**Student:** 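Below is one structure. I have some questions about it.
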Amino acid sequence: MEKIRIEGVSFIYSKGTPFERRALDGVSCSFEAGKITCLIGHTGSGKSTLVNLLNGLYRPTEGKVYLDGEDIWARPKKITDIRRRVGLVMQYPEYQLFDETVYSDIAFGPKNLGLDAGEIDLRVREAIAFVGLDEALLSKSPFELSGGQKRRVAIAGIIAMRPEVLVLDEPAAGLDPRGRREILGGLTRYVRERGITLILVSHSMEDMASYCDNVVVMKDAKVFMQGTVDEVFSHPDELDAVGLDTPEITKLAQGLIQAGIVLSGALYTVEDVRDAILRYIGGNAQ
Amino acid sequence: MISDITLGQFFPGSSILHRLDPRTKLLLSLLYIIGVFLLNTPMAFILYTLITLSLILASRISMRVILKGIKPIVIVLIFTMIINILLTSGEGEPLFSFLIFAVYKEGIIRAFFMAYRVIMLIVGSSVLLTYTTSPIALTDGLESLLSPLKLIKVPVHLFAMMMTIALRFIPTLIEETETIMNAQKSRGANFTEGSIIKRARALIPILVPLFVSSFKRAEELAVAMECRCYRGDVGRTKMNKLKYRLRDILWLTVGALLFAGLILLSVKSAELSALGEAMRILFYKI
């Protein structure tokens, strides 16, 4: 079942000035409920613009955005309700922290929802656990934290609002591999547990292969390809043409296959390939 | 969107106004601004309107952009016009009166002149300077024009550098404000509803991150400048040296002539004959 559907959406920045720029051009795609969809594409392909359309921060110049089959701009005055249902974590969200303590910063969203103190407390503690931070940090100032910790606090601020759809724009940008794994791993665990629809913007094919169910590939303000991870990866040449690389480990596996080692199944993550090699060795041993 | 504000923005282009030396444009706009306050006869108004229109044509900037630049001040303008109309008293009978106010012909004329002057001021200076001159060229021109002040130990270069930096970061700051606003909107913040106090409080989540990142950016910029051995203007050379060309001399001459014509049109004939008398006596003595 689709949670969000986008139909023929175009978006133009600074319309009517010399700076006019078409960031999206007749984009149509959909995001399935309860699945993790990766929005992938090169810098400037329109990913971030698309993301800002999903929760009504931008209004499409043309076309419609549907949430659960309803046009989100049907009643423009109620757009804040949409923003509550679709939680958006922007790129480098650590720059949006402002409050005196981590606790009150995470509580900002729930407070805006008009929840009572008990419920807010519950949600703040739950959110901080999901992003893998210690509760001891709650009383600290967000400006004392490290970059990675700040990022998690910012993500927790959105999680605490318990949105139905969670959209993250490059949540792991600029983090080391371990930070990446922790943030993305924690997030995917959280959304799977709660049945939340997750949309992950990334330009890393590795992330896409290890965490996502579906993929939407963007190129030059248009949707270039969409489908399941397997479907998209079965077109390596087209991906190459967009400038997106297949994961390193897949390249290695393809090299092995060319050398006569028959590997089968999905070959997108280190674990996939390890299992395939083990199967191959096991098969030969018999 | 905030980034659609056009007042004070540079529009790249190649019109004759774009190609003029920034110093020429600075001097011309100085004359223009003085002129706006001198004019007081219908003929002078017509002349001024014609000059302004030809400047707009020469800049090849679309009328829409220029009207958009005036838009932000329309409310202030209407307000001051009303005040002017209501509070100016004149000779003779009022046109009509209500409550404690009496409206005189003089009030209406004065309000109209005031509005005309403000609009011309904004249109003229933005067409002559900001729309057609890049911030760097502008401060370069200013530095060069003010350089005689170096003799009396005025740190002209530092002022110019500060101005360049300030102007350079205005778009960055606007962009960042928008990003942070969007981020807080995504967390359910509402900037457009509620009492004034509530709305003022709603600005804290924008201002704090904005200040934090501005300070951080200033520090980074200072370090980056020191890394490139910036140490003020002593011994500093320029990549693009300003050079007066024939067209600059032409424009300045035309500007000076128009300015003289404007003075002649604006000064009342009685004053003019007094001026003539004074000149005659002066020359007679010589």
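These numbers were taken from a predicted model, which means no experiment stands behind them.
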**Student:** Hey, is CZ on B:R247 packed in by over 12 heavy atoms from elsewhere, all under 6.0 Å?
**Tutor:**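 Result for CZ/B:R247: enclosed.
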**Student:** So for A:D105, is it side chain, backbone, both, or neither that comes closer than 4.5 Å to the heavy atoms of chain B?
**Tutor:**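 Contact with chain B is through both the backbone and side chain of A:D105.
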**Student:** Chain A: which of B:S213, B:S62, B:A189 shares the most heavy-atom pairs with it under 4.5 Å?
**Tutor:**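 When all of B:S213, B:S62, B:A189 are compared, B:A189 has the most.
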**Student:** Shorter than 4.5 Å, heavy atoms on both sides: which option in B:N182, B:T179, B:V212 has the most such pairs with chain A?
**Tutor:**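 That would be B:N182.
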**Student:** Please identify, among A:R84, A:Q91, A:K111, A:M161, the residue contributing the most non-hydrogen atom pairs under 4.5 Å to chain B.
**Tutor:**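 Among A:R84, A:Q91, A:K111, A:M161, the one with the most close pairs to chain B is A:M161.
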**Student:** Let me know if A:Y92 has heavy atoms under 4.5 Å from chain B in its side chain, its backbone, both or neither.
**Tutor:**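 Contact with chain B is absent: no heavy atom of A:Y92 under 4.5 Å.
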**Student:** Considering residues, nucleotides and ligands other than A:E70, do more than 12 of their heavy atoms fall under 6.0 Å from its CD?
**Tutor:**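 Not more than 12 within 6.0 Å, no.
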**Student:** Answer with side chain, backbone, both or neither: which region of A:L88 has an atom nearer than 4.5 Å to a non-hydrogen atom of chain B?
**Tutor:**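 Its backbone and side chain both get close to chain B.
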**Student:** CZ of B:F159: more than 12 outside heavy atoms within 6.0 angstrom?
**Tutor:**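 No, because the 6.0 Å sphere around CZ of B:F159 holds 12 heavy atoms or fewer from other groups.
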**Student:** Of the non-hydrogen atoms in B:I180 and A:Y95, which two are nearest, and what is the gap between them?
**Tutor:**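 Closest approach of B:I180 to A:Y95, heavy atoms only: CD1-O, 4.2 Å.
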**Student:** Other residues, nucleotides and ligands only: do more than 12 of their heavy atoms fall within 6.0 Å of CZ on B:R217?
**Tutor:**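 Yes - once you tally the heavy atoms of other residues, nucleotides and ligands closer than 6.0 Å, there are more than 12.
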**Student:** Drop me the distance from B:S186's OG to A:I82's CD1, to the nearest 0.5 angstrom.
**Tutor:**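 If we round to the nearest 0.5 Å, B:S186:OG and A:I82:CD1 are 13.0 Å apart.
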**Student:** Taking A:Q96 for its side chain and B:Q184 for its backbone only, find out whether a donor-acceptor pair lies under 3.5 Å.
**Tutor:**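 No, the answer is negative, given that no donor and acceptor are paired below the 3.5 Å cut-off.
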**Student:** Start with the C-alpha gap between B:R187 and A:R83, add the side-chain angles, then the distance that decides, and say whether side chain to side chain contact (heavy atoms under 4.5 Å, CB included) holds.
**Tutor:** CA-CA 8 Å; B:R187 298 214 270 164; A:R83 292 191 192 132; over 6 Å; no
**Student:** Distance check, rounded to the nearest 0.5 Å: A:N112 atom CG versus B:N190 atom CG?
**Tutor:**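 Result: 8.5 Å between the selected atoms.
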**Student:** For A:F98 and B:L210, what are the C-alpha separation, side-chain angles and deciding distance, and is it a side chain to side chain contact (heavy atoms under 4.5 Å, CB included)?
**Tutor:** CA-CA 9 Å; A:F98 69 97; B:L210 212 54; over 6 Å; no
**Student:** Take atom CZ of A:R189 as the centre, draw a 6.0 Å sphere, and report whether it contains more than 12 heavy atoms from other residues, nucleotides or ligands.
**Tutor:**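 No, the 6.0 Å shell around CZ holds no more than 12 heavy atoms from other groups.
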**Student:** Any chance CD of A:E100 has more than 12 other-residue heavy atoms, nucleotides or ligands included, within less than 6.0 Å?
**Tutor:**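 No, because the 6.0 Å sphere around CD of A:E100 holds 12 heavy atoms or fewer from other groups.
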**Student:** A quick test of your reading: do over 12 heavy atoms of other residues, nucleotides or ligands sit less than 6.0 Å from CZ of B:F211?
**Tutor:**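 Result for CZ/B:F211: open.
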**Student:** Just wondering, more than 12 heavy atoms not from B:E175 lying within 6.0 Å of its CD?
**Tutor:**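 Open: at most 12 neighbouring heavy atoms sit under 6.0 Å from CD of B:E175.
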